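Please find one structure pasted underneath; my questions will follow.
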Protein chains: 2
Amino acid sequence: MKPVVVLDKIMETAERLFYEQGYNLTGINQIIEEANISKPSLYNHFKSKNDLLLAYLDQSYSKWFEDLATFTADMTTPFDRLIGVFDYRISRQIRTNYNGCAFVKISSEVSHKDIEVFERTQKFKNAIKAYVVDLVKQLNRPKHKLLTDEEFAENVFLLLEGGLIMAKIIKSTQPLEDAKDIVRKLV
Amino acid sequence: MKPVVVLDKIMETAERLFYEQGYNLTGINQIIEEANISKPSLYNHFKSKNDLLLAYLDQSYSKWFEDLATFTADMTTPFDRLIGVFDYRISRQIRTNYNGCAFVKISSEVSHKDIEVFERTQKFKNAIKAYVVDLVKQLNRPKHKLLTDEEFAENVFLLLEGGLIMAKIIKSTQPLEDAKDIVRKLV
DNA sequence: GTCTATAGAAGGATAGAC
DNA sequence: GTCTATCCTTCTATAGAC
């Protein structure tokens with residue numbers, strides 16, 4: 001069981017440091033020190049620092065949707081679940097002291113030619129958008145609205161992304177709260 | 001005149017490399033090499049790499065609004081100028097191969113405790129939002145609309161930010177084009 | 001104010017013992 | 001599979017000559 005524990009310690013520490021400090025500002029030396037393991041132990045599980053980064057992103061993807069499911073478990077109507085995504089992000093930003101989206105952060109840290117990172121970021125954002133599109137369909141909005149379902153869903157999604165970025169920048173939930181109010185009025 | 005030329009070479013090279021490669025992935029050595037100057041020359045103008053970063057951000061702020069003014073010089077109505085901001089961002093993203101916002105990039109690269117960087121990012125985003133708010137006021141929108149002027153302006157601004165982030169991630173102008181269509185329908 | 005040369009620290013990654 | 005010890009590169013920054 002010890003190898004599993006070592007791997008868990010690596011992943012826990014890498015997740016925390018990569019997200020809080022950033023990928024490039026986190027050295028291998030700090031990871032092994034805070035995880036209380038040796039350097040060759042890390043390279044036994046991951047062939048490079050970049051390999052560890054990809055594992056971190058894959059884990060972040062899974063945990064994000066798992067935590068969303070837990071957060072919105074009590075919400076029954078499509079509308080409540082749509083607003084729930086905003087509240088989910090608000091709760092996360094408060095907890096992480098407005099550190100923003102892990103995938104956006106990494107995408108700003110690596111070369112734009114790093115295809116593996118961008119594919120994972122695209123997959124993550126596409127999944128969030130698909131989640132929003134699906135909820136909007138279930139809303140059964142009247143046909144006479146200014147925006148079609150597709151346009152409304154796109155607006156909601158971009159409010160989620162723009163609101164998150166601005167929450168990080170001004171260190172406040174206000175942009176996400178404003179976004180939520182706009183969604184309530186436009187639905 | 002030679003000192004000025006040296007300073008210009010530093011700023012040009014730093015701007016290009018910081019934006020294209022990222023701040024942390026750009027070393028002092030690469031900057032002086034591509035600027036064709038020596039290391040002490042750089043440290044004569046800037047006391048540290050972080051000092052150069054702040055000068056880069058201040059220059060980016062000025063140039064962004066100067067270029068916006070040029071880009072929208074022919075646009076007369078408030079509505080055209082509002083849509084013009086989207087087209088301005090679209091043109092910039094095409095030109096930079098979808099590298100996103102320079103301030104958002106840097107904010108993801110430095111510690112969240114780097115107050116000087118975050119203050120400049122806040123100032124930049126606040127100025128864009130103020131620009132949008134001002135244009136929306138000039139629109140003279142009917143009072144019976146779903147969204148107040150304040151809410152509509154916030155929606156437009158968050159569409160600009162969300163659209164830009166997504167344009168960078170999926171390497172396409174589509175999110176910004178979609179955002180523009182939504183603005184046209186909601187105005 | 002610009003240069004050559006170098007200091008001193010930290011980066012990622014590996015050899016070889018156990 | 002984990003460890004100690006070490007390799008080589010790159011990093012930011014500076015000393016001292018001109």
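Values in this document were obtained by computation on a predicted structure and should not be read as measured data. Every chain is numbered from 1, with letters handed out A, B, ... down the list of sequences.
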Pairing residues for Phe18(B) by the ring-ring contact (aromatic ring centres under 6.0 Å, His included) criterion, not counting sequence neighbours:
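Partners of Phe18(B) under the ring-ring contact (aromatic ring centres under 6.0 Å, His included) test: Tyr23(B), Tyr56(B).
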Heavy atom of residues 111-120 of chain B under 4.0 Å from DNA chain D: which residues?
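Result for residues 111-120 of chain B: none.
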Contact residues, residues 48-55 of chain B to DNA chain D [heavy atom, < 4.0 Å]
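Those residues whose heavy atoms fall under 4.0 Å from DNA chain D, taken from residues 48-55 of chain B in numerical order, are Ser48(B), Lys49(B).
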Can Thr26(A) and Gln21(A) be counted as having a side-chain donor-acceptor contact under 3.5 angstrom?
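Side-chain D/A pair, Thr26(A) to Gln21(A): present.
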Polar side chain donor-acceptor pair, Gln174(A) to Asp178(A), under 3.5 angstrom:
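Gln174(A) vs Asp178(A): donor-acceptor pair found between side chains.
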Send over the distance from Leu42(A) CG to dT14(C) C1', rounded to a whole Å.
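Going from CG in Leu42(A) over to C1' in dT14(C) covers 13 Å.
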What do the steps show when you test Lys137(A) against Asp149(A) for salt bridge (Lys or Arg N to Asp or Glu O under 4.0 Å), and what is the final call?
CA-CA 7 Å; Lys137(A) 277 182 190 162; Asp149(A) 275 3; over 6 Å; no
What is the distance, rounded to the nearest whole Å, between atom NE2 of His45(B) and atom P of dG1(C)?
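Taking NE2 of His45(B) and P of dG1(C), I get 7 Å after rounding.
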Does dT2(C) have OP1 or OP2 sitting under 4.0 Å from an N or O in the side chain of Asn44(B)?
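For dT2(C), OP1/OP2 do have a side-chain N/O of Asn44(B) under 4.0 Å.
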Need the bend value for the helix from dG1(C)-dC18(D) to dC18(C)-dG1(D): angle between end axes, 5 pairs each end, nearest 10°.
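Here the local axes at opposite ends form an angle of 10°.
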Using the six-membered ring of Tyr61(B), assess whether NZ or CZ of Arg120(B) lies under 6.0 Å from its centre and within 45 degrees of the ring axis.
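No; the conditions do not both hold, so Arg120(B) does not lie above the ring face of Tyr61(B).
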Can Asn29(B) and Lys39(B) be counted as having a side-chain donor-acceptor contact under 3.5 angstrom?
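Yes.
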For Lys9(A) against Ala35(A), the heavy-atom pair lying closest together
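Nearest pair, atom of Lys9(A) first, then Ala35(A): CD-O, 3.4 Å.
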Tell me, please, whether Phe118(B) has Lys171(A) positioned over its six-membered ring: NZ or CZ under 6.0 Å from the ring centre and within 45 degrees of its axis?
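That pair qualifies as a cation-pi contact.
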Taking the six-membered ring for Trp, are Tyr88(A) and Trp64(A) closer than 6.0 Å centroid to centroid?
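Centroid separation for Tyr88(A) and Trp64(A): below 6.0 Å.
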Using salt bridge (Lys or Arg N to Asp or Glu O under 4.0 Å), reason through Lys129(A) and Glu154(A) one step at a time and then give a plain yes or no.
CA-CA 8 Å; Lys129(A) 185 175 173 186; Glu154(A) 182 75 8; 2.6 Å; yes
Using a 6.0 Å distance limit plus a 45 degree cone around the ring axis, check whether Lys125(A) lies over the aromatic ring of Phe103(A).
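The answer is no, since Lys125(A) fails at least one limit relative to Phe103(A).
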Please report, to 0.1 Å, the donor-acceptor pairs under 3.5 Å made by any side chain of residues 68-75 of chain A, with sequence neighbours excluded.
| from | atom 1 | to | atom 2 | distance (Å) |
| --- | --- | --- | --- | --- |
| Thr70(A) | OG1 | Glu66(A) | O | 3.1 |
| Thr72(A) | OG1 | Leu68(A) | O | 2.8 |

Measure CG/Leu17(A) against P/dG11(C) and give the value in whole Å, please.
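My rounded result for the distance is 12 Å.
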Rounded distance [0.5 Å steps], CD1 in Ile90(A) versus CZ in Arg92(A):
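Taking CD1 in Ile90(A) and CZ in Arg92(A), the distance rounds to 13.0 Å.
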Side chains of Asn155(A) and Glu151(A), donor plus acceptor under 3.5 Å:
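No, because no side-chain N or O of Asn155(A) sits under 3.5 Å from a partner of the opposite role on Glu151(A).
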Round to a whole Å and report the spacing from CD1 of Ile10(A) to P of dA13(C).
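Distance check: Ile10(A) CD1 to dA13(C) P gives 14 Å.
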Could you state the atom-to-atom distance from NZ of Lys9(B) to P of dG1(C) in whole Å?
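Interatomic distance, NZ of Lys9(B) to P of dG1(C): 15 Å.
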Without decimals, in angstroms, what is the distance between Tyr23(A) OH and dG11(C) C1'?
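The distance from OH of Tyr23(A) to C1' of dG11(C) comes to 12 Å, rounded to the nearest Å.
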Within residues 28-39 of chain B, residues whose heavy atoms come under 4.0 Å of DNA chain D:
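Listed by number, they are Ile28(B), Asn29(B), Lys39(B).
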Rounded to the nearest angstrom, tell me the gap between atom CG in Leu25(B) and atom P in dG11(C).
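Between P of dG11(C) and CG of Leu25(B): 14 Å.
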Could you check Pro40(A) against Gly27(A) and say which one's nearest nucleotide on DNA chain C is further toward the 5' end?
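Nearer the 5' end of the strand: Gly27(A).
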